[in-house]
Amino acid sequence: MADKKKEKILFVDDEESILDVVGEYFRQRGYSVLTAKNGCEALKILEREKIDCCFTDINMPEMDGIALAENIRMLDNTIPVVVMTGFPSIDNVMKTIKNGVVDFLIKPLNLGQMEVCIHRVLRERCLFVENIILKKEAEGKALLEKLSRELHSRVEELHLLNKIMTEFTGIGASFDVFMRLADMTIEVTPADEAKFYIVNDAVKIPFEIASSRRNACRCEKTDRKETEKLIMDVAADEVPLLISENRDHLLLPSKIRSFMAVPLTIRGKIFGVLTAAVLSGCNCFSEKLMYYLMFMTNKAAYAVENLALYENIYENLFTAFLALVKALEAKDPDTGEHSKRVTEIAVAIAGEIGCNSEELDILNVAGRLHDIGKIGIKDEILQKPGTLTDEEFEKIKEHSLIGANIVGQIGLWDKEKEIIKHHHERFDGTGYPDGLKREEIPFLARILSLADAYDAMSHDRIYRERLEEKRIVSIIEKGAGNHFDPEVVRVFLKLYAENLFCF
Ligand SMILES: [Fe+2]
């Protein structure tokens with residue numbers, strides 16, 4: 001039996017005759033047999049040999065079978081130990097069982113019984129080892145699954161945090177940041193309703209400026225008054241609030257199942273509070289979701305701070321440029337308020353055509369600053385009473401490019417810059433500075449061009465008096481398609497007929 005040869009059996013007994021008989025018998029049966037006269041000898045063998053099974057006597061000199069069994073258990077608890085004894089006392093049986101002995105054989109030994117016993121304990125050992133391996137595998141698998149779940153959740157979390165970070169960059173206005181904050185709360189958490197309140201020290205009540213709601217939620221909306229106290233407390237303490245399960249309905253009405261409120265501070269001062277409420281289903285907010293909300297409000301606060309900074313720069317620059325234009329216009333009483341009137345006419349035409357608010361804003365800035373480039377033209381030319389020489393006219397023409405350069409330098413008004421640059425282009429391509437024609441000319445520049453021409457003709461100039469209204473209208477009508485965009489002319493004439501341009 002080939003497999004038997006691999007199995008090493010250790011026999012321990014202080015009676016050499018027993019060792020001789022047993023050893024000889026099992027060697028012949030194909031086992032690998034080792035023998036020892038006491039526990040100490042047996043342990044030395046166990047240190048150097050890999051034993052599959054041990055048979056030991058109890059009463060032996062130096063180290064008895066009970067102590068040996070205990071040592072074996074500590075060394076390798078998979079090695080089965082079988083005790084061979086002539087007088088199995090209850091006390092010895094108890095001790096050996098405690099030390100992991102798997103069976104008893106009563107002396108005198110029956111070799112056939114011994115072999116049956118060997119087969120059984122080796123089979124049991126196999127099962128025991130397999131069981132240990134399986135258990136370890138199962139533990140390993142469970143650990144792997146746990147780690148995989150944790151990793152997955154961490155990746156998802158990072159993905160989410162990254163999304164939150166990118167969501168708040170590139171928003172152009174503070175109001176949009178708060179709208180995005182409410183929308184993101186619905187996206188990221190199971191909230192049915194999210195609101196952002198500005199907390200005003202003077203009024204002492206939260207003022208709702210943005211809200212978002214889950215489409216599927218048919219529940220009744222919450223009212224500010226229902227959460228007002230909690231919002232004011234969160235604002236006062238500047239500490240987030242999490243009511244995972246609204247069980248007692250003491251702080252909140254029963255229609256709110258779960259609630260979170262997170263303060264938003266700007267430059268160290270409380271600015272507002274973001275609230276999230278679960279109104280239906282069985283979802284509840286957790287600390288993790290609250291962490292997401294705090295992360296979001298934090299990023300939103302940064303975005304608002306940056307915008308405030310940007311809006312300040314923008315406002316400051318515009319005011320500075322406007323002061324330049326006003327100084328310029330003040331030099332020439334005839335052109336005083338010219339930019340303001342041109343802007344009003346242009347915005348009226350653009351509004352009638354259907355331009356959106358962003359385009360109207362652009363036109364407003366470009367209109368007020370369209371002649372800012374004249375700052376670079378000498379007063380003698382600008383205020384020359386008679387006809388300009390060709391050379392002087394060429395100089396004057398430079399003002400649109402100079403203006404575009406002044407405004408474009410800071411990179412904040414790229415669209416406004418283009419309009420300023422092209423406000424003297426003509427529809428047929430005979431204007432300046434680039435001789436653009438038709439749709440090549442920015443649309444808002446085509447509007448500004450007509451408004452500019454109308455205002456110039458309807459006011460006195462140092463080189464000529466104002467023109468009669470009829471003549472102006474006739475010039476504009478005739479200019480459709482050559483000087484001006486016909487569509488802009490059509491809208492202008494419509495508004496003109498409605499007496500909208502009486503300055
Ligand atoms: Fe101009």
Side-chain angles (χ1 to χ4, degrees), residues 318 321-347 349-350 362-384 387-409 413 415-437 440-464 466-467 472 475-476 479 482-485 488-489 492 501 503:
F318 184 66
F321 284 156
L322 209 55
L324 272 179
V325 173
K326 281 187 176 167
L328 203 64
E329 290 176 344
K331 280 192 202 171
D332 179 358
D334 292 343
T335 56
E337 303 274 291
H338 164 70
S339 304
K340 191 165 173 255
R341 290 190 305 269
V342 168
T343 305
E344 284 170 17
I345 297 166
V347 168
I349 297 170
I362 292 167
L363 198 51
N364 198 36
V365 172
R368 297 303 297 270
L369 305 180
H370 76 277
D371 274 342
I372 195 172
K374 283 186 179 168
I375 202 110
I377 314 291
K378 286 181 184 161
D379 286 352
E380 308 89 273
I381 301 175
L382 285 177
Q383 288 159 26
K384 186 179 174 183
T387 320
L388 295 172
T389 64
D390 287 350
E391 202 182 325
E392 286 166 339
F393 188 57
E394 286 305 313
K395 262 282 169 243
I396 286 268
K397 281 160 71 175
E398 286 176 12
H399 81 277
S400 52
L401 262 179
I402 296 171
N405 285 339
I406 292 173
V407 170
Q409 228 168 19
W413 288 305
K415 287 176 183 163
E416 289 83 347
K417 171 192 151 186
E418 287 303 298
I419 296 163
I420 291 169
K421 184 178 174 186
H422 296 296
H423 78 276
H424 283 292
E425 301 285 0
R426 292 168 63 110
F427 200 67
D428 59 6
T430 59
Y432 64 89
D434 292 340
L436 301 183
K437 56 183 165 191
E440 288 170 355
I441 308 164
F443 185 59
L444 297 177
R446 283 179 253 158
I447 295 176
L448 192 65
S449 162
L450 194 152
D452 190 21
Y454 171 75
D455 190 72
M457 288 189 281
S458 58
H459 286 83
D460 290 338
R461 282 289 187 268
I462 200 155
Y463 48 88
R464 58 139 176 82
R466 68 186 293 268
L467 306 183
I472 298 171
I475 289 172
I476 289 175
N482 47 68
H483 189 166
F484 307 116
D485 180 337
V488 178
V489 171
F492 170 83
F501 305 128
F503 299 105

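These numbers were taken from a predicted model, which means no experiment stands behind them. Both counts, for ligands and for their atoms, begin at 1 and track the order of listing.
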**Message:** Using a 3.5 Å distance criterion without hydrogens, assess whether the side chain of Glu425 forms a donor-acceptor pair with backbone atoms of Leu436.
**Reply:** yes

**Message:** Glu398: which residues meet the salt bridge (Lys or Arg N to Asp or Glu O under 4.0 Å) condition with it, sequence neighbours left out?
**Reply:**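 If we apply the salt bridge (Lys or Arg N to Asp or Glu O under 4.0 Å) test to Glu398, skipping adjacent residues, the hits are Lys395.
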
**Request:** May I ask you to check whether His424 and His370 place their ring centres under 6.0 Å from each other?
**Result:** no

**Message:** Could you work out, with side chain to side chain donor-acceptor pair (under 3.5 Å) as the rule, every residue matching Asp428, not counting sequence neighbours?
**Reply:**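 Scan of Asp428 (side chain to side chain donor-acceptor pair (under 3.5 Å), adjacent residues dropped) gives Thr430.
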
**Prompt:** Which protein N, O or S atoms does the Fe ion (ligand 1) have within a distance shorter than 2.8 Å?
**Reply:**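 Within the sphere that stays under 2.8 Å of the Fe ion (ligand 1), the protein atoms of type N, O or S are Asp371 OD1, His399 NE2, His423 NE2, His424 NE2.
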
**Which residues share a side-chain contact (heavy atoms from CB on, under 4.5 Å) with Lys397, sequence neighbours left out** =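 Only Phe393, Glu394, Tyr432 meet the side-chain contact (heavy atoms from CB on, under 4.5 Å) criterion with Lys397.
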
**Item:** Pairwise distance CG(Leu450) to NE2(His483) - rounded to 0.5 angstrom
**Value:**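 Nearest 0.5 Å value for the CG-NE2 distance: 8.0 Å.
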
